[in-house]
Visitor: 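Pasting a structure below so you can have a look.
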Amino acid sequence: MPDQPVPIRGNRCAAVRPDEMADVPLAVNGGRKTKALGLEVSHLEVCYRVRGVDLPILRDVSFEIDVGESFGLVGESGCGKSTAVQAITSYLARNGKVTGGQVLVRGRDIARLGKPELRELRARDISVVYQEPGRALTPSVRIGHQVAEVFRVLGASKMEAMQRARDALDAVQIPDGPRVMGAYPHELSGGMLQRVVIAMAIASEPTLLILDEPTTALDATVEAEVLELVASLRQRLVMSTLFISHNLAVISKMCDRVAVMYAGEIVEQGLARDVLERPQHPYTVGLLRCIPKRTQRKDRDRLDTIPGFLPEPGLMQVGCVFAPRCALADDGCRADAPPVFDVGKEHLSRCFKHREAESIPRIDNASRCLTATPAETEPLVRLERVSKTFPGRKGGRVSALNDIDIELYAGDTLGVVGESGCGKTTLARILLGLTAPDPGSRVEIRGEAAAPIVANRSREQLKLVQIIFQNPDAALNRRHSVGRIIGRAVTKLGGLKGGERQQRIADVVGSVRLEPRHLAMRPAQLSGGLKQRVAIARAYAGSPSVLVCDEPTSALDVSVQAAILNLLVDLQQDEHIAYVFISHDLGVVRYLADRVLVLYLGRVMEYGPAAAVFAGPHHPYTEALLSAVPTLDQKADERIKLTGEIPSPSEPPTGCVFNTRCQRRLPDGKCSQEEPPLRELAPGRAIRCHLSLESLGTAAGQ
């Protein structure tokens, strides 16, 4: 029966009735019969020794990956995904050790291999692609030599290795291979770097390819290209693939089966379509509900969140590990660890209440809707004819921004989207005064002209415009406590002292849903979500009117992302703060933004209310961006593939700057000869394109 606990293959334990509440180890693959396994993880247990105490991190982790199969591993940061990868590759830290279970790669037991055999296994059978390709490459060595080094390790001569390196770059569809071979990492885009790392990873045609968040920092179009590349390589080389990601839509697109991890345990496992469409564990249901849906908007919905936080690493608790955060948990859940239930074909759930999992109550959206922001006749920020040109090589000039006009009002959110190199960051830096615009550009803050450089701006102007960075680890001083970090902003920007200062710190901490106990902690003691809350608190502490949000949720799990987005909406509701929200996650932009600005090579391609931009008619570039976004709630439309890389800003194409990649350019050559004007379709709505309004795409990616 599908509701019975699963007996373990090769284990003397018999099936256990639900009312016995016995702790049954997780069955491997639901008892599937396989002919060949690329990876087999059986009852894996890992602990770290900290201050003389062994802290258990992984408990009874079991899964299998067939040869040629793609397997997904999802869960919040700190759940044990990376530790599992380190155990599989035998790269645990010195204080980490495997205390139980077994890892087999093509039938070879990792734990029984000597150092030479293990080195050979890593060189030929296991490859890993990490989240940040820039950190995986040596900055001072040319790309060609780094790729060739892989083949030298495999025994090729120097000349042969260079030739095979060129072939490897061709295999991952890198155009202009000779140029890339001679380039340094900093000269390539993020998508190019990720392709280079993948080329190095597949050079040995490994048995197992592990991808650890390989698309987190990539734009939607580049992400789609990388995912399609990985899928085609997996089929051609018949590799087993372990795909780790917090993007459930990517997992749905890429993986045959998926396992959901929580606090070091696998709580649900099965075919990807079953787990993501019919989840049978409250934690999986919670993760899926955190993702902004196409129909959700900040003015009428709040995102569901998972209350509470992951338990401390190594914490041993009685009962179900998810019980403290589960709305369905009862005394039985808190007293005894649940067994693993067979809930369908190859579908397993470690939950007593799996039948009720999808009935978890949602938050009361109606009672938390936004109220109307008081109308203001004057914008908080106005940018007029803003351009920025940087000096290029050999006396050339690089146009990063070209004639940008923006108005931002209180309580307004402007979403800024586009691929890397389109000018999003330059626009943010000019607004903040970190980069001076070209002469003739004008930046106004509350009706007054702002100095080009931040050092020359008044204290009030500095206070009014603040920023939330993408990476809180790099933005927060690791030596300072949370209280000192927030307090410094209160003092420097707010000018408060004594009791007023302490009261303001307490108010800010409460506003971002931190607790007083967090004030004494340092950033290293906090989770990713808590660090981002501290970064928001610091930016918010001086009572700004405008917050520039530079990819503030791209590296966060969906559960933390939902909480941060709700927090930003609440702060906007309470203080009428305006946001400039820069992101490559179009689902988040769709939910949060009131208006959207689409940039390409420093030009505005499209601009208007978010609902109108996402509904269409679209600029062909916007259409391609939307079609590249993977979705969960319905099948994605066929992706519109853009040919080639973004042209160099130092040598932009003549005519429309997008014409070299546009599949809909006019056959008469007009697109390559004349730059189109920014046509106003309606008040506050414009598109830069020669195509007629009737021929422009509508509802792409909807």
Visitor: Check the side chains of Glu213 and His246 for a donor-acceptor pair under 3.5 angstrom, ignoring hydrogens and angles.
Guide: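 Side chains of His246 and Glu213: pair found under 3.5 Å.
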Visitor: Taking atom CD1 of Ile536 and atom CG of Leu567, what is their separation to the nearest 0.5 Å?
Guide: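 Reported to 0.5 Å precision, the distance equals 5.0 Å.
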Visitor: Is a side-chain donor-acceptor pair under 3.5 Å present for Ser441 with Glu384?
Guide: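 There is no such pair between these side chains.
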Visitor: What residues, two or more places apart in sequence or in another chain, satisfy side chain to side chain donor-acceptor pair (under 3.5 Å) together with Gln503?
Guide: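 Once residues adjacent in sequence are excluded, the partners of Gln503 under the side chain to side chain donor-acceptor pair (under 3.5 Å) criterion are Asp507.
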Visitor: Distance from Ile485 atom CD1 to Arg522 atom CZ, nearest 0.5 Å?
Guide: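 So the CD1 of Ile485 and the CZ of Arg522 are separated by 9.5 Å.
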Visitor: Is it the case that Arg504 and Ser543 place a side-chain donor and acceptor less than 3.5 Å from each other?
Guide: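 Present: a donor and an acceptor within the cut-off.
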Visitor: Do NZ/NE/NH1/NH2 and the carboxylate oxygens of Asp570 and Arg302 come within less than 4.0 Å?
Guide: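 Here Asp570 pairs with Arg302 in a salt bridge, since their nearest N and O are under 4.0 Å apart.
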Visitor: Show every ring pair (Phe, Tyr, Trp, His ring centres under 6.0 Å) that has at least one partner inside residues 541-573, sequence neighbours left out.
Guide: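 For residues 541-573, and leaving out neighbouring residues, there are no ring pair (Phe, Tyr, Trp, His ring centres under 6.0 Å) pairs at all.
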Visitor: Regarding Asp557 and Ser77, do their side chains bring together a donor and an acceptor under 3.5 Å, going by distance alone?
Guide: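 Yes, Ser77 and Asp557 have a side-chain donor paired with an acceptor closer than 3.5 Å.
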Visitor: Measuring from atom CG of Leu565 to atom OG1 of Thr305, what distance do you get when rounded to the nearest 0.5 angstrom?
Guide: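 If I round to the nearest 0.5 Å, the distance is 11.0 Å.
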Visitor: Not counting sequence neighbours, which residues clear ring pair (Phe, Tyr, Trp, His ring centres under 6.0 Å) with Tyr262? List them please.
Guide: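 Partners of Tyr262 under the ring pair (Phe, Tyr, Trp, His ring centres under 6.0 Å) test: Tyr283, Phe322.
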Visitor: Less than 4.5 Å apart, any side-chain heavy atom of Ile406 and any of Arg382?
Guide: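 Ile406 does not reach Arg382 side chain to side chain.
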Visitor: Under a 4.0 Å N-O cut-off, is there an ion pair linking Glu515 with Arg517?
Guide: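 Answer for the salt bridge query: yes.
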Visitor: Output all residues satisfying side chain to side chain donor-acceptor pair (under 3.5 Å) with Arg289, sequence neighbours left out; order by chain, then residue number.
Guide: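 For Arg289 there are no side chain to side chain donor-acceptor pair (under 3.5 Å) partners, ignoring immediate neighbours.
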Visitor: Under the side chain to side chain donor-acceptor pair (under 3.5 Å) test, which residues partner Tyr540, sequence neighbours left out?
Guide: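 Applying side chain to side chain donor-acceptor pair (under 3.5 Å) to Tyr540 gives Glu575.
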Visitor: If you measure from the Lys or Arg side-chain nitrogens to the Asp or Glu carboxylate oxygens, is any gap between Glu76 and Arg325 under 4.0 Å?
Guide: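 The answer is yes: the pair qualifies as a salt bridge.
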Visitor: Any salt bridge between Asp405 and Arg385, counting N to O under 4.0 Å?
Guide: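 Between Arg385 and Asp405 there is no salt bridge, as every charged N stays at least 4.0 Å from the carboxylate O atoms.
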Visitor: How many angstroms lie between OG in Ser559 and CG in Leu303, if you round to the nearest 0.5 Å?
Guide: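 Those atoms lie 11.5 Å apart.
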Visitor: Looking at residues at least two apart in the chain, or sitting in another chain, which of them share a side chain to side chain donor-acceptor pair (under 3.5 Å) with Gln466?
Guide: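 So Gln466 forms no side chain to side chain donor-acceptor pair (under 3.5 Å) with any residue.
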